[in-house]
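Notes follow the structure.
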Amino acid sequence: MTQSIQRPEWANTGSPAQTSEGADEALVLEFMSALESNDADALISYFIEDGMYQNMPLPPAYGRDAVHATLAGLFSVLRIDKIDTLHIASRGDMVFTERVDLLTALPTGKSFELPVLGVLQLRDGKIAAWRDYFDLRAFETAVDFALGA
Ligand SMILES: CCCCCCC(N)=O
């Protein structure tokens, strides 16, 4: 079932795929689309060996094995239904995404459109660091599931 996200009225018109610049932003948009696979084995190939991943309200993961375990752990309790990247920008090796991530908590079946600011650092066409900033309490309250427990 193709999920759709209500685009906020303040979002720029047009899709970042049309306005993105450079290989790093294109790679990040490809990765954001790949997240909808919910496949940790496929997603880890986007990271360098000593990459890091952190959902900022939760502990960080350092190194490919820890990043894979964190992704697999997330996918055991939630499903990424849709990632809508509203805006994307980059400076040097840093890429910034303003997004709405449509997520479903598997234990409750409840979904939430989570506003997210994503910061990614690229190195040789792969992700060296991925940090997502969002309101965990708003998410947990909306889906009635304590992710951070
Ligand atoms: C709510 C915490 C889980 C976030 C999963 C990945 C994402 N940023 O959408």
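Each ligand, and each atom within it, is numbered from 1 in the order the structure gives. Values below: every heavy atom of this structure, side chains too, minus hydrogens, waters and symmetry copies.
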Next on the checklist: Please check if the number of heavy atoms outside Arg7 that lie under 6.0 Å from its CZ is greater than 12.
Outcome noted: yes

Checklist entry - Got a sec: does the CG of Asp41 have more than 12 other heavy atoms crowding it under 6.0 Å? => result yes

Of all the non-hydrogen atoms in the protein, which one sits nearest to [atom], and at what distance?
| atom | result |
| --- | --- |
| atom 2 (C) of ligand 1 | Leu147 CD2, 3.3 Å |
| atom 8 (N) of ligand 1 | Asp132 OD2, 2.6 Å |
| atom 5 (C) of ligand 1 | Leu74 CD1, 4.0 Å |

Item to check | Side-chain donor/acceptor of Glu25 to backbone N/O of Val95, under 3.5 Å | outcome: no

Next on the checklist: Looking at Ala42, is its backbone amide N or carbonyl O close enough to the side chain of Ser45 to form a donor-acceptor pair, meaning the two atoms are under 3.5 Å apart?
Outcome noted: yes

Checklist entry - For atom 6 (C) of ligand 1, which candidate among Phe75, Tyr53, Phe134 holds the nearest heavy atom? => result Tyr53

Next on the checklist: Regarding Lys126 and Asp124, does a basic nitrogen lie under 4.0 Å from an acidic carboxylate oxygen?
Outcome noted: no

Contact atoms of ligand 1, heavy-atom distance to [X] under 4.0 Å:
| X | answer |
| --- | --- |
| Phe139 | 1 (C) |
| Arg99 | 8 (N) |
| Leu78 | 3 (C) |
| Asn55 | 4 (C), 8 (N) |
| Asp101 | 7 (C), 8 (N), 9 (O) |

Checklist entry - Under the side chain to side chain donor-acceptor pair (under 3.5 Å) test, which residues partner Arg131, sequence neighbours left out? => result none

Checklist entry - Considering only heavy atoms, does Leu58 approach ligand 1 within less than 4.0 Å through its side chain, its backbone, both, or neither? => result neither

Checklist outcome for this item: residues 108-139 vs ring-ring contact (aromatic ring centres under 6.0 Å, His included), sequence neighbours excluded, gives Phe31-Trp130, Tyr53-Trp130

